[in-house]
Each structure stands twice: as C-alpha cells, then as structure tokens.
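Worksheet: one structure, shown below.
Here is the naming used below: chain letters follow the sequence lines, and residue numbers restart at 1 for every chain. Atom set for the values below is all heavy atoms of this structure, side chains included, hydrogens, waters and symmetry mates excluded.
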Amino acid sequence: MSDYILEMRNISKSFAGVQALKDVTIRCKPGQVYGLVGENGAGKSTLMKILAGAYKADAGEIIYKGEQREGATAGEVIDSGISIIYQELALVSQMSVAENIFLGREPRYALGVLNLRELHSRSAALLTRLGIRLDTRLPVSELTVAQRQLVEIAKALSQNADLIVMDEPSAILAGSELDQLFSIIESLVEQGVTIIYISHRLDEVFRIADEVTVLKDGELVETRPIDQLDRPTLVELMVGRPLDEIFPQTDHEQGELVMVAEHISSDTILEDASLELYAGEILGIAGMVGSGRTELARALFGADPLTSGEVRLVTNKGASWSNPAKAIESGLALVPEDRKSHGLFTSLSARINVTLPILSRITRMGVLQSQAEDEIVEAAKERLSIVMASADQEAQYLSGGNQQKLVLAKWLETNPTVVILDEPTRGVDVGAKFEIYKLMRQLNDRGIAIVMISSELPEVIGMSDRILVMNAGRIVGEFAHGEASEAGIIELATMADSGANHS
Amino acid sequence: MSVAKPHESAKQVNGWRARKFVADYGVYIALLLLLLAAAVLTPKLYEVNTIAVVMRQASQLGIVAIGQTLILLVAGLDLSIGGIFVMTSIVVADVTNGRDDLVIPAILIALALGALVGLGNGVLVTKRRVPPFVATLGMLVLVKGATQAYTRGVPGGFVPEVLGIVNQSWFVLSIPLLLWLGLNAVFMFVLGRTAYGRKVYAVGSNTEAARLSGISVDTIRISVYVLGSCLAVASGVVLTGYVGYVDRFIGTGLELDSIAAAIVGGTAFVGGRGGLLGTIAGVLLIQLLSTMALLMGLDIQVQFIIKGLVILGAVTLYSLANVEE
Amino acid sequence: MNVSARLVGELTDSQRLFLRRYGPIFAVYGFIVVLFIIGATQSERFLTLRNLTNVARQSAFLGIVALGQMLVILTAGIDLSVGSLVKLSILASAIVMNGEVGNQGAAIAATLGLGLAVGLVHGFLVNEVKIAPFIVTLASLGILRGISLSISTSPVGSASRPFIMFYVQKLGPMPIIAVLFGLLLLLTALMLRYTAFGKYLYAIGGNLEVARLSGVPIKAVRYGVYALCSLSASVTGLLWLSRMGVGDPAIGDGIELQTITAVIIGGTSLFGGRGTVIGTLGGVLLLGITANLLVMLGVNQFVQGLIQGVIIVAAVALYKQEGD
Amino acid sequence: GQDDGAAGFEITQEMIDASPYLQSVLSRVDEVYDTSEFAKDPPYRIAFAAQGTSNAWSALMDAHAYWYVEHLGEDVVSEMLYGDAQAQADIQVPQVEDLLAQEPDALILVPMGAAALSAPVERAMMQGVPVVLCASAVETDNFVTEVGTNLFTVGANLAQWLIDTVGADGNFLMMTGIPGVTTSVIMEEGALAVFESQGIELLDNQPGFWSPAEGKKIMETWLAQHGDEIDGIWTGGAQMAQGIISAYEDAGMDIPPIAGGEQQNGFLRSAIEHGFPFYAWMYPNAMITVCLDAAIQILQGEPTSRFIDFIDTLPEARPFTDAQAEDYYMPSWSDDVHGPITMPDEKLAELGFLVEESG
Ligand SMILES: Nc1ncnc2c1ncn2[C@@H]1O[C@H](COP(=O)(O)OP(=O)(O)OP(=O)(O)O)[C@@H](O)[C@H]1O
Ligand SMILES: Nc1ncnc2c1ncn2[C@@H]1O[C@H](COP(=O)(O)OP(=O)(O)OP(=O)(O)O)[C@@H](O)[C@H]1O
Ligand SMILES: [Mg+2]
Ligand SMILES: [Mg+2]
C-alpha cells in the first residue's frame, strides 16, 4: 500500500490534432497542497478534467486510494471523494444557489424527494464558512462573478471530499475573500484533505503549496518541493527561458491620436470609461476577471450599444459608429476573447472564416471572385504561417493556436487602423504566442493602434506601451511603459472601494 | 515551433476527410441503394413515363425544400408554408378567375403576400426572439385563418388554363422539373458563390461571431424567411396548375416532408452546415419511396413507417460521422 | 418609457426577479381574465357551472399531454410524436379492452406499457445514438401513425361500460377527469419542486455540460422524461377511449403542435431550463377557453381561425424568449 | 333501399350478413322512433355540429343550413348554435360538448369520426337532447334518426355500372376517399362486395383522400405502371375524379369509364369536354334541410323514421350518367359547386359561387 492518495501515471490526451498532454505523471499524498502551474494551454485543466471523469485519457492510468480507476463517470468520481472547482464557472444560471451547491447530490428522503430545509440550511452554513451571506434561494444568474466563484467553492466543500482540485479559484477573488479561501484550505489540510491548486498567481503558490508541478506544452517539466524553488527558477521552468526574452519590442515613436472614447457607459458593468489611442502603440488593459475589460472592448466596437458617451476616430473624418458593421467600415477590428462562441465559424471552412468581413473586396456585384479570394487566403496563410490541410478544411478541425491565427488573419485583412485584442493568447501554445507578439509589433510598425486585454500580467507589462487598469467597470489608473509592476497593477485592480461592491 | 506536428496533422486530416465524405455523400449512398432496390422490386421505375412522373412530383416538394434548406441553414424552421400554398392557390384563382392574362399579376400578388408572411416569421424570430418552431406555427394558424376569413370558407374562382403547362412533359422534362432545377442552380450559386450565401452560412454557423464580423444578422435571417415563403408561393403556383383548381388541402404535409428532405440531405438542424446538393437527394429519396410504395401496391400506412425509418437511418449516419473522439 | 424604467428601477431585486420570472405567466392569465370578461358579458351560458366544468374536463385532454411535453422541453428537448401515440394508444386500449370489464386492467396496463416502451425508445435514440430529439420524434410521428393505421383505418374495439361511464363521473361538482388532471398538475409541480429528478430536468436544460460535470445522471433523466411524456400521451389515449367508447383512428393528429403551443404560451423556454406548471396550465386554459368561447359566442366560423391565429401569435410575441 | 340507375345488382343475404352497416340501415328504414319525450313548443334552439370550414361541399351545407333556418322563421327556430369542426374529429368531440353545455333542444351532427362521436351522441341522448345524424353514421345505435343514403348500395351500384359498361373481364382500379372515414369505408365495402361476387380482381386500390392533388399523383403513377391496360376506374368522389381526368389529359390518353362522378360543376365541365362514360351519384349538401326538418319533427313529438333517405325528399339527388351531363352542368356556377342546390341563386351569389357573366 502506497502513501499516495492519488497517482496519475503516464497520462496522454489529444484533441483533434492538438496534443494537450503527453506522458504526464503526478503523485499526491494526503494532507498536502500541490501547486500545478504552467502557461496557458499547458494542459493543466485537461489533466484535471481527466481526473474528474469529464475527459477520457488516450493513455495512462489513474490510481486513487490504492485502486486502479477505469472509465468512471463524473458522478462516480464525485462519490469517490474527489471534487473539482472548474476554471470556467460551472453553474446552472437558472437554478438557485442552494440547488447549484448540491446539484447531483441533494439531501433527500426516500424516492428522491428533496429535503429542502436541509438543502438550504446546509448551503447557508457552507457560505457562512466562506464568510459571505447570500440568499440561497436566489438564482445564480443574479450573482456577481465573485459570488459565483464562492458558490463554486461552497459546492466543492459540500462534497466532503478527500481531494479537492481548484482550477484558478483565485482568478476573480481578491482581498478578504482570498484570505478566507486560504484559511479554509489550511483547515482542510489539517483534516487530511489533499488540495491540487492551479494558479497563474505564483505568489499564491509559494504561499500555500508544499510541492509544485510544472507543465509545459502538455509535458511534465518537473515536480519539486516548494522550498527548493524560487520565483525566477519557477518561471524559467514554466517558460523555458528568461521571461523578458519573449516580448518583442519596437522602437517607434508615439504616433498621432487616432481614436478617443469619452465617458462611455453601456448596459453592462462598464461605466464612464475614457481613453485615447495613438497610432502604432499597444494600449494594455489589465484588471481582474469580471472587471469589465471585455465590456469595454465590446463598447468600443459598437457590439454593446452605448448608454452614454461617445467613441470616435480622430482620423477618417472623425467617424463614429453604433454597430459592428459600421465600426468595421470605420477601420476597427475586434478579436474577441471567447474564440469558440464569438470569433470562429467552426462548421465553416478556413477560407470562409478569413474572408467574411471583406466580402465586398472579393465580390463583383455580389458574386465571389474565387481567384481574388484564393490569393487573399493564400497570403494570409503565408503571413501567419497557419498550418492547415487546405483552405477548405473546417475551422473546428484546426488546433487552437491555428484557430486563433485564423481569427487574427480575418481581421488583418480588413486593413484596420485600430485592432482590439481581447485575450489574444488565451489557449494558444507558447510558439504561437510568440508569433502573435511579433505580429502585433509588425502591426504597430504599420501604424496600427492596438488595444490589448490580457489577464496575464507579464504579457500586459511586457507588451504594452501604456496600461490602463480596470476595476468594477471603471478605469481606475494608468501606467506608462516601464512604470508598471505586477504588484502595482494588482493593487489598483483589487482596490475595494473603487465603486466595487462584491457582496 | 510548429503548431501542429506533421503526423498529427495527417491523422487529423484523414479523419476530417472520412467524416466529410459521409456527411457530404451519405444521402447519395442511400439513394443509390434505393435505386438498386428499385431495379429488383419495381423495374417500372426505370421507364421514361415513370421517371417523368417522379420528377414532376419531386419538383413540388423540391421547390419548397430549397426554401426550407435556406431557413434551416440559419438555424430556423418554417412550418407556415402549408398556409402559403392554400393562400397562393386562392389568390391565383381569385385574381384571375380563369383569365390567362391575369396570371402574372396574380402571381405577383401571391408573392407579395408570401413575402409578408415570411417577413412576419422573420420579425417574430429575430426581433421578438420567438423560437422558429412556434413563430412559424403561429403564422400558419394566422395565415390559414386569414385565408378562411377572406374566402368565407369558399375558395372560389377558376385556375387559368395557361397554368396547365406545368403538366406537360417532353420525355422526362417538364416545367416544374425545369423550374426546380433552375431554382436549384440559382440558389446553389447564391449559397456557394455570392456574398449573400456566405453570410447565410456564417449566421447559421455562429450568430454572434457573424454580428461581430459586421454582418447584419437580423436582415439576413429575415430575408431567408422571406425567400422561403416566396419559394413556397412558387411551389404553390405549380401545385395549383397541377391540380387545376383550388383545393384547401393542397400541399398538406409538404412542410414536414421538406424538413425531412433537407435533414436527410445533410443540412444540420442547428444551422451553418449543409446545402442544396444534399437536399436534392433527400427530395428524390422521399419521392422515390412513395412512388415505389405505390408501384408495389403497398399501403399508405406502410409508407409512413418506411419514411420514418429512412429518416432515422440517414440521420444516424450523420450522427455517427460527427461523434467526437 | 422613462416612467416605467424608473418604476422598474425602484423595484427591489427580488421583485424584479419575480416579475422577470413570472411576467409571461401573468400575461397569459391576464389574457384568460379578458376572455372570461368577454364570455361573462357576451354569453349567458359561459359562466354556468356546467360549462366551466365542461371546459375543465376538456382541458385535461390537452393538458395532460402538455405536462409531459413541458417536461421534455424543460430538458431542451421536444416530442413531436405525442399525437400519433395518442392515436395508437386509443386503438391499443380499445382492442385489448374489447368492451369487457374483465379486460380493463389488461388494457390499461398494455397501453401504459406501450407508452413506456415508446418513451424508452425515444430516450435510447437521443441518449445513445445521439440524434436530435426533433428528428427522433418527427420520425416517430410518422412511424407510430403508420402502425396505427396498419392496425386499423376504421373504428376497432370498444370500451367497457364502466370505462365509458368514467368520463361522466364526478367528484362533487367536478368531473373526475378534471380532478385527475388537477392531481397530475399538482404531482408534476411537486415533483419539479421537491424531487431531485425535477431539479435535474432544469439542470440538463439549463446547462447540459454543468449537469454532466456535477454528476447528474443525464441519460437516466432523459430516459425518464421521454418515458413520462409518452406515458402522458398513453394516459390521454385512455381518456379518449373513455370519451368515445370505441377506438377511432380519426383522433390524434396535430396534438403535438397544440401541446407545444400551450407550453410555450405558458412561458416555458424552448431552449430548456425555464418553465412552470402553472404557466403550462395557463397556456392550456387559454387555448381551451378560446375554443369554447368561439362556440359559445357563435362567432362567425370564417373568422374563428383568424382569431385563434392572432391570439397565438400575440401570446408568443408578447415576451422575448431568452436564447443562449 | 333504393335501386335507381344501375341495372342488375341485387343486395344478397350474404352481403347483409357480412355487413353490420347494411343490417343497421335496413333495420332502421322500417323502424319508427317514438319522439313524444322530446316534444316541446317552438321556437327551438337547434345545435348544428357541422363539418365546417374545409371544402365547398361543407360550405354549401352550412349555407343551406343558415338559409333554411332563416326561411323557416324565428318562430320555428329561434337560434342555431353552430360548431365548426374543420373536418377533424379531434376538434368536433369537444365542440359537441361545448354545444351541449348550452342545452340546445336538439343536436344535428355531421360526424367526423364514426367511433369518436359515439359516446358524445349517447351522452346527448342521455341528457335528453335528441340527435339527428346528418350525412354519416356513428357506431352507436342510440340516436333518433339518421339522414343519408344507403352508401353500401351507392358503392355497389357504381361498381355494377362499371362492370355493365366495360364487361366483367375488364381491368379496374379503385380510388377511395380518406381511410377510416365512414362514407369512404362503406362505399368501398359495397363496391368490393360486387367486384368479389363476380370474381373480379382489381389492379390496385389506393386512398385518394378526396383530394384532386392526391388523386392525380396516384393516377399518374398508375398510368405509368398500367398504361392503357386500364379499362375503368371506380372512385369515391368527383374531386378525385378531377385529378384522374387531369392525369389522363397530361398523358394525352383517352379517359376510360369512370364510376363515381357527382353533380360537381368542375367535374361535369371536364366530363362534357372529354366525353367519356361516367356514372354519377349524389351526396347533396342540401340534405341539411332534411336534417333540420327531421329535428323539428322530433321536437314536435311526431313519430320519426330512424333512417331517412334524402332521395325521398330531394328527388333531384338521384344518380345520373354522362347522357344527362348537360342537364346537370350549370354554366353560371363556379367549378366547386356541389349540386343539387335548393336555396335561391342569390345565396350562391353572396358566397361567391356564381360566375360573373363577363368571365
Ligand atoms: N475540448 C477541447 N477540444 C480541443 N482542444 C482542447 C480542448 N480542451 C483543451 N484543448 C486544448 O488542449 C490544450 C491544453 O488546454 P488546457 O485547457 O488543459 O490548458 P491549461 O493549462 O488549463 O491552460 P490555462 O492556463 O489557459 O487554463 C490547449 O491547447 C487547448 O487549446
Ligand atoms: N449581469 C450579469 N450577469 C451575469 N454575468 C455577468 C453579468 N455581467 C457580467 N457578467 C460576467 O462578468 C464578467 C464581466 O466581466 P468581463 O468579461 O468584462 O471581464 P473581463 O475583465 O473582461 O474579464 P475576463 O475577460 O478575464 O473574463 C463576464 O465573465 C460575464 O460573464
Ligand atoms: Mg486551464
Ligand atoms: Mg474578458
């Protein structure tokens, strides 16, 4: 009998051509906290979803509590004492807080009849333990993102698990909520519970982890006790080289003013945002998840109607717009953060994806000119080195990085003056990421202004000429290049009294 | 530093090719099997007269199925076409009252009314976000009710003689068949070779992405419903000429048959995938089934059962092709 | 516009929530009240106990199937086959019963068994073969109708005497069938509110992936829900036999469309995850009372269809459905 | 019974033994219902559960009903409650319940399903509302009277005429109405009895749904399949006959004898144009006047025959053949008028059934 509560041995997994995991092995002892780190797309979530029974591994074995596990369903995994807090919020928004917390394992009498009293009282107790007070009858759709994250954590706690996986639980928590989370982790560990903790915030990892596993490009780099690591070493393990090398720079001077937004608000969290954008620069937007960065991007692009304020170009006769079609005409482009649901036409060919916004250029009287189209698609493929079997391949069968390039290619073809990139490197592997950075710089060199939203602080700091920080729907500060530090940004982004009211 | 390793890429492409083959040609395989079966069971089917009959009858379903395919491509559905057939045949008889010279105005009026129904469908679906199923069902009841109120239950008037040309055949060629083929050619061109067609697929494939790409999504969806209704009017005119007089039950069942034809032909129920090439085969499949059943003297009830089983079989093929690994 | 915006703004969160959730239902019942007022003022016989109990009993026929349909729609599915299954159930029960009291039990068991079997087949095709519910049940619509007509195109079998009398039996002033409907309404409402199965319907329709990751037994729930829907059609088939006394294949066409209309009018989302029993009851009553009033008021038959169409379109267009 | 028109056909005891329909009709012809329990003073409130908005035949029946009620006067019928079944049993059953909830003095029912309406009819009788069945029967025997004609004999006569015209060695096709609808089923039963009794095997027998479109579709396939082997066609109604004629026109072939025309103006127009032999029967929508008369007679407490053949009251409804086509064709009527018409021409004009002179 081993001392490990969990062993995942030689796990491999690929998705439609993307090798997400290759021969990865991890081992966990009871009552320990394991940090799992790695870049975007390194395979952390995939590994945990395999553990959860949500995906089936292509190869490898899982030994849990001394027993080899075969093809368990999500429900069986939960029953066996493993609970997972997923990276993407996993709640049914129409259902109430309490129903979500106990979904799948409701306290019940005979015949599946629910014990509603217990459902609500136990939910309330769990939430109290997390230090928040919420009406457990409220549907989740009414909660803020941070509240939802806490409900997720409550859901995991409710399962009385022996092993809890937390996939970036802190991404949207700050201040007291975060402290509360850590103290709960401590008390769980005291009770012998094992925690696997995934986070991009390395400070947290150093604060709570006993041991750290690094993944890169789907492969295991190393597992080391925390006391044998320092921050620069860990980063180097993750990235494979010193950090500052990966951000290409250009030496251009600040161009002329191209676009201004004045006191814009939309029907979302976004309130009273103003910004100026200059030719050839990258304006970084930083903030916690849910701080309204995506809403800002959508408002700038005319995708959400403005309730007040104005966005206009200074060039191009001061054009302004009220919907995406007009924004595109005026020279804007938006690469949305959610590629699958907002950026890509997965059931259509790469060709159609690329030329969709520029149909007027490749048609004569509404009729497509295939030669013109072929040339454009071929050129785009060359320029971004997109790997695909043919231009007629459906987008869904391309790898994530190539999908993202496809979306970028589409917008570059519109010859924009302003490009808004919302999380442009999310889910993109490290090589492609580097190419995207280079591409952004090439755009700058052509005088194109870029707004870049990113949750990765090093990326924002490394790439941006200026950085705006958002907090609870407002722009709360600005850093010039070289002035920004992670700590400085986080401080502004998590400041509690900037109008934010989380609970 | 390449994004996808070469061997993975090859594997991935092969999988994609295999799936694409089944998705694109599955219905033709089924059609071929049926034709082989016919050679044994009902050799009569291969005579010129029979082919002419099959083709002419298939055209009635086929023309509607073009519109239904367009609508399915934007993740919609149209149940209101049954009402449009009746309306068309009443307008034709009422306006012309048998006079040949009024046929064109009558058809134009019918098209205008049809477009109005399509507009109603489209507006309900886009602006009020009513699910297409209920929106077009409501319009069906409304159109039938309006026709009823207008005619006071008695569809009067005569169908002009000149519409009888839809009944002429030269070998296997006939006006409905030519119309069907012509419309197919036009709409295949529109879907495959024009900006409009691209937009239809884009809207069906990912509505929000289409909007963010600058496509006026609502306009495209509404226009597709309008086109669908106009094609139903066209089919209604053919049916009216075919029947030779106003019939309240004209075209009954074509709405569900046209959906079945498109789906069996590989057009996805969720939009953005499929096309007319498959729908043509779907239409022929359904028409051949019913003609063969008649040639074999099978009961009408057996036809219902066979049609249902064929739909299930064909769709199973697609669902197998789309299973994730 | 401004005034109403301010009014809404002043509501507390829970009031806003309540309105958003139950607004459509209020609208439907508002419609019903209007119809009642029209009926009460325009017809001396509309508000009689006799007519109202009559409407209550009639509502059971659409209502029971609509309940089953609602359960399926809550999971973001649909069942187009219920009309054909009602037809088949009528024939099956009439043939097995064949006028004999002794066969009643067997007939009821056979008919319910039939419904169960059909529902399980639907569940299988949706769960295991992964075909969209619309297609599965569209095919099944044709197949079941074909089977019914193969059994007989003319009336067959018959109900036993007590079984026919069941239709007119009353509990106090209420027809027993209306009471049965009320009971099923109550049971369904309780099930949705107080059982895990009920919660799972909403979870599956609300977010299938989340439900899966939370360990909700999706397949089992789907088998259950299609079985319940088909069972509701079988029960309605039995009620029709009691209503007619003989098995007549003329009944059953178009029930699927009526039930879906009623469910949607009642505020259930075709995208799943949202819907209530009380709303569905409202949809059923709206359709039933409209039909009843058209006869009661002697409305010119040529505009009856138009009126029904306007009411349906107005009811579904009244509120925006929430999409994904 | 009636034995007009066709020669040589006799209903045999065997046929009667085999047909519950015949037994019922033949027994009821001589039976008289004692209606004293229903007697009351006029004016009467009569409920009419009609086939309703569906086709011209039914529209003209409704028109006849409204006209006749008006003609009788308010002191005879004060109110006619009306239910529009849209030709569907599903709709008619609750409608009959709605009508009965208004406590009418009598119910006239054009049943849309023989079985579907059985129990509702019985419940009406139980409630003390006398029921007059119009144009079709139901499964139960518990009603006061039925107005119609012996459909078995009609179907048989049509078949016999076809055999007499073509010869017993001919190749025949049968196209029936809607499967399961009584009128269609009984006519088919009568026809098959005749064909079988003379050892004739049919080429095929398919339902044409009383629709010209369906009729034409089937005929086109038959023509492709059997071509000029076809010697005669039995059909259940004029609309399908129109589809049959149209298919022959398209094929450019001579139309064989058709048994199953009606006084339907469109049919007669083509029949005169093409000049083929036909035998027409009548199913007059004007029989509703007979039904109304029967209802009033019942409410007056007069003994009433349990089966009223409309031919006894509407002599213009006798069958005829192509020889009389010109007499029955009315140039002023539009194509879909089903005769005979007993109401004045103004009523037809009001409904848009009269052709403008200029057209
Ligand atoms: N369902 C899927 N289909 C196809 N590819 C997938 C799927 N899920 C993940 N991938 C791909 O697998 C790789 C690993 O993804 P994963 O989500 O495990 O990364 P991660 O380490 O959790 O990244 P992050 O830090 O951004 O959460 C990525 O390239 C991703 O695009
Ligand atoms: N009214 C609301 N109801 C439900 N969810 C909401 C609502 N408003 C905002 N959200 C959620 O909150 C978040 C809004 O923040 P936004 O996406 O703009 O954040 P962000 O700063 O761009 O962060 P990220 O892009 O990292 O998610 C979204 O994830 C959205 O799903
Ligand atoms: Mg992850
Ligand atoms: Mg964002």
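- Both the backbone and the side chain of D/Leu100 come within less than 4.5 Å of a heavy atom in chain C.
- Remark: D/Thr140 OG1 to C/Met244 CE distance equals 14.0 Å, nearest 0.5 Å.
- Both the backbone and the side chain of D/Gln102 come within less than 4.5 Å of a heavy atom in chain C.
- Of the residues considered (C/Thr48, C/Asn54, C/Asn51, C/Leu149), C/Asn54 shows the highest number of contacts with chain D, using heavy-atom pairs under 4.5 Å.
- Looking only at side-chain heavy atoms (C-beta outward), D/Val93 and C/Phe61 stay at 4.5 Å or farther from each other.
- When the candidates D/Ala119, D/Pro207, D/Ser118, D/Ala115 are compared by the number of heavy-atom contacts under 4.5 Å with chain C, D/Ala115 comes out ahead.
- Looking at C/Ile255, the atoms closer than 4.5 Å to chain D (heavy atoms on both sides) all sit in the side chain, from C-beta outward.
- Between the side chains of C/Gln58 and D/Asp98, at least one donor N or O sits under 3.5 Å from an acceptor N or O.
- Contact of D/Phe48 with chain C is not made at all, since no heavy-atom distance falls under 4.5 Å.
- Between atom CD of residue D/Glu122 and atom CD1 of residue C/Ile164 there is a gap of 6.0 Å, rounded to the nearest 0.5 Å.
- The environment of CD in D/Glu74 is sparse: at most 12 heavy-atom neighbours from other residues, nucleotides or ligands sit within 6.0 Å.
- Ion pair D/Glu103/C/Arg50 flagged as a salt bridge, since at least one NZ, NE, NH1 or NH2 atom sits closer than 4.0 Å to an Asp/Glu carboxylate oxygen.
- Between chain C and the options D/Pro94, D/Pro120, D/Ala114, heavy-atom pairs under 4.5 Å are most frequent for D/Pro94.
- Between the side chain of D/Arg123 and the backbone N or O of C/Arg243 there is at least one donor-acceptor pair closer than 3.5 Å.
- Residue D/Met112 touches chain C through its backbone alone, counting heavy-atom pairs closer than 4.5 Å.
- Residue with the most contacts toward chain D among C/Met296, C/Gln304, C/Arg57: C/Met296 (heavy-atom pairs, distance under 4.5 Å).
- Listed options C/Val299, C/Asp253, C/Leu241 were ranked by heavy-atom pairs under 4.5 angstrom with chain D; first place goes to C/Asp253.
- Looking at C/Val295, both its backbone and its side chain come within 4.5 Å of chain D, counting heavy atoms on both sides.
- Looking at C/Thr53, there are no atoms closer than 4.5 Å to chain D (heavy atoms on both sides), in backbone or side chain.
- Between the CG atom in C/Asp248 and the CG atom in D/Asp90 there is a gap of 9.5 Å [rounded to 0.5 Å].
- Between chain D and the options C/Gly247, C/Pro249, C/Gly252, the largest number of non-hydrogen pairs under 4.5 Å is found for C/Gly252.
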